[in-house]
Structure formats: C-alpha cells, structure tokens
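Worksheet: the structure to be examined is printed underneath.
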Amino acid sequence: MTNPTPFPRWPPDWPEIAQSIARAVQKGDWGRYRGAAIEELVARITDLHSIKHCRLVCSGSIGIQWALQAVGVTAGDQVALCGYDYPGNFRAIEALGARPVLVDVDPTTYSIDPQPLRTIDPDSISAVVVSHLYGIAAQIESIRRICDEKGWKLVEDACQNPAMPIAGRPAGTWGDIGVVSFGGSKPLTAGNGGALLTNNDAIASKLNAWLDRPSDATPLSELQAAAVLPQIDRLDACNQVRWESAQAILSDVGWMAQAMGDRLPCAGATFYKFAFLSPQRESTLEWMTQAGLPVGKGYRSMHRSSDRRCGKIGDLRGCRDLGDQLCLLDHSVLLSEGSQRQRLIDALNNRR
Ligand SMILES: *Cc1c(COP(=O)(O)O)cnc(C)c1O
C-alpha cells in the first residue's frame, strides 16, 4: 500500500507565509490599492534579477501580452515562437491581432531551435517569444544574437524559473523584456500573478502609461505580494533541493536518466518539474499515478494548428514528438529530502 501523501505539498504550508499575510491584514494594507508588501516585492524582484524596471501584473499570461505590445508588436505583425510552448503565448500574439509563426523545438532544451529560427527572413517577423521550460535553459545566447542580427525584439518567458542563472545572467533579463509568473504551480506562487522585467527605459515608460489608469489595470494585490515575499527568502534553498532530487533521479533511476537523454541540465538549473519522454506515455502515467507519484502530460504540440491561424517553419516534427511523449513529474516531489527522497527514488525504480 502506498502512503497517500508521502511527499511535500504545493502550495507550501510554511508559517512565514501565513504570518506575512496576517501582517498585511493587521496593518490594513489588505484593503489598500498599494501597500508595503507591493513596494517591497517590486524591490525584491528587481534586486533578484539585477534589473532596472519591474512591474507587477495579475498573471504571467497577461504579462506576455503586455510584453509583446511593449516591444511594438501590433496587428498584422508576425511573431515567432516554439511550436511546443505554453499555449497562452500563441493566444497572446493573436490577442494583439498579430500572427504566430511556429518554429521547431530543440529537443535537448525543450525550447525554440536556433537553426530554423535563423532561416527566417528578417522582414517577415518582428519579435520572438522564447520560454525556458522545466528548469532547462533555452539556447538563449544564440537566440539573443540572432534577434540582434535580424533586428527582432525578444520576449523572454521565464515564468517557470525566476532568476535561474544562465551563463551568468538571470533568466528573464536576456530579452528586451522578461516575464515571470506567480501562478499556482510556479516556484514563487501567489495562486496568480506575475512580473515584467526590463532594463529598457522606453519599454518601462510605455508599460507605466498603459497600466496606470491611474488604478493599475492588471494588478497584483497586496495580499498576493505578502504571500510571495517570504518565498523569495527560500527560493535558493528550494532550487537547491530540487536540483539535488533531480541529480538523485538521474544517478539512481536508470530508466528516467535514459528518458532524459541528452537533456542535461545547465549549471544552476532550477527544475520546475522534471520532464522526461515516454513513447508509451499512457501506460507510464498510469503506473506512476497508481504509485502515488504526481505526474502529468506536457503541453499539446501546436504543430496541428490551422494554417489560417499561424505560419510554420518546417514540419515541426520535434514539437509533435514532445507533444506525444512528454511527461512531467511535479516539482512538489522534487522538494523531497532524506527518507522522503529515498521513497521517491524507490517508487520510480518500482517501474511496472
Ligand atoms: C505558467 C506559465 C505561463 C503563464 O503564467 P500564468 O501566471 O499562469 O498566467 C506562461 N508561460 C509559461 C512557460 C508558463 O509556465
């Protein structure tokens, strides 16, 4: 028999989160447009990413849309993104009246492949959206270079990995604008929420003009800010524990190391979920679920989207394969330590 709750839970039940929210209630800030927690969260996120401007928003999804608009995407433009990505990014492009152009995935990073991206005519698109998925960094240095050469703007989706170091720079700061999320499953969570990051003064002042009406048009609330703050203090420690769990899986669970293939984590990978491929996905998910492991499918590949709605570069075979085979072990179990982690390894090795 399996213990029904053998692993850490998410959202976390840390007392400091309750205390932080209680403080906002006691001070009356819960009922104000803007209180101390919001001010402090802006300062902390700015500092965490060593960025010039940070703007809090009510979700990562709307953050991507504001980001696209802030880099100048308008109706009739074309915007490239990976055909395997958060579907909301496709919708955000469409919401602006622009047209998504799907690019195949680099299967070693789960993110846009720089090779086909490089073949796109500079005049045919105006911006690129790139996401870092599952704690594996996109090839962001190459993608940044391509965008600079072609004159494209870069929107960097760091929703899953706030401040993950990539080649010495935090995720979210490689783009002209970056987006992080405080959604319910994310490493910093408030149930909903997000932040926009930029070093570009013109982008920041455009955002301020659009968002301050003068009430914030897509705000994060004071209580949400209060919930996120204490999690920032533990972000490094949680990233470290998830990293150690991922290393333990890679070294002690042969079939998962194999399923991970060449997708070796970059130094500092923050493992928001642990992704692996299974050609027999349904049966894999079934036995894992029965073993009490929180697993699920990755995104649906967008390679089948109608040609009316989007352009496509190549046959997007890589996206199709990830869409069919990708499985995700939830990040909550990656927070296991000691005997809990051993239980995780044992459960994973008990493959049927
Ligand atoms: C979660 C997520 C989003 C959207 O963030 P929300 O805050 O849930 O709206 C966007 N992109 C990626 C890659 C995500 O994981």
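The basis for the numbers below is simple: all heavy atoms, side chains too, and nothing from hydrogens, waters or symmetry mates. In this chain, numbering begins with 1 at the start of the sequence shown. Both counts, for ligands and for their atoms, begin at 1 and track the order of listing.
For Arg309 and Glu94, the salt-bridge test passes: some basic side-chain N is under 4.0 Å from an acidic carboxylate O.
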Query - Chi angles and distances behind the ring pair (Phe, Tyr, Trp, His ring centres under 6.0 Å) call for Tyr110, Tyr84 - result: CA-CA 8 Å; Tyr110 305 122; Tyr84 179 87; 7.3 Å; no

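At a heavy-atom cutoff of 4.0 Å, ligand 1 is surrounded by Ser59, Gly60, Ser61, Tyr86, Leu133, Asp157, Cys159, Gln160, Ser181, Lys186, Gly193, Tyr299.
The local environment of CH2 in Trp10 is crowded, with over 12 non-hydrogen atoms from other residues, nucleotides or ligands closer than 6.0 Å.
Between Phe276 and Phe274, the ring planes are tilted. Angles from 30° to 60° get that label.
Both Leu328 and Trp255 are members of a single hydrophobic cluster when ILVMFWY side chains are connected at heavy-atom separations under 4.5 Å.
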What side-chain donor-acceptor pairs closer than 3.5 Å can you find for residues 184-197, not counting sequence neighbours?
| unit_1 | atom_1 | unit_2 | atom_2 | d |
| --- | --- | --- | --- | --- |
| Ser185 | OG | Tyr272 | OH | 2.5 |
| Thr189 | OG1 | Gly183 | O | 2.7 |
| Thr189 | OG1 | Gly191 | N | 3.1 |

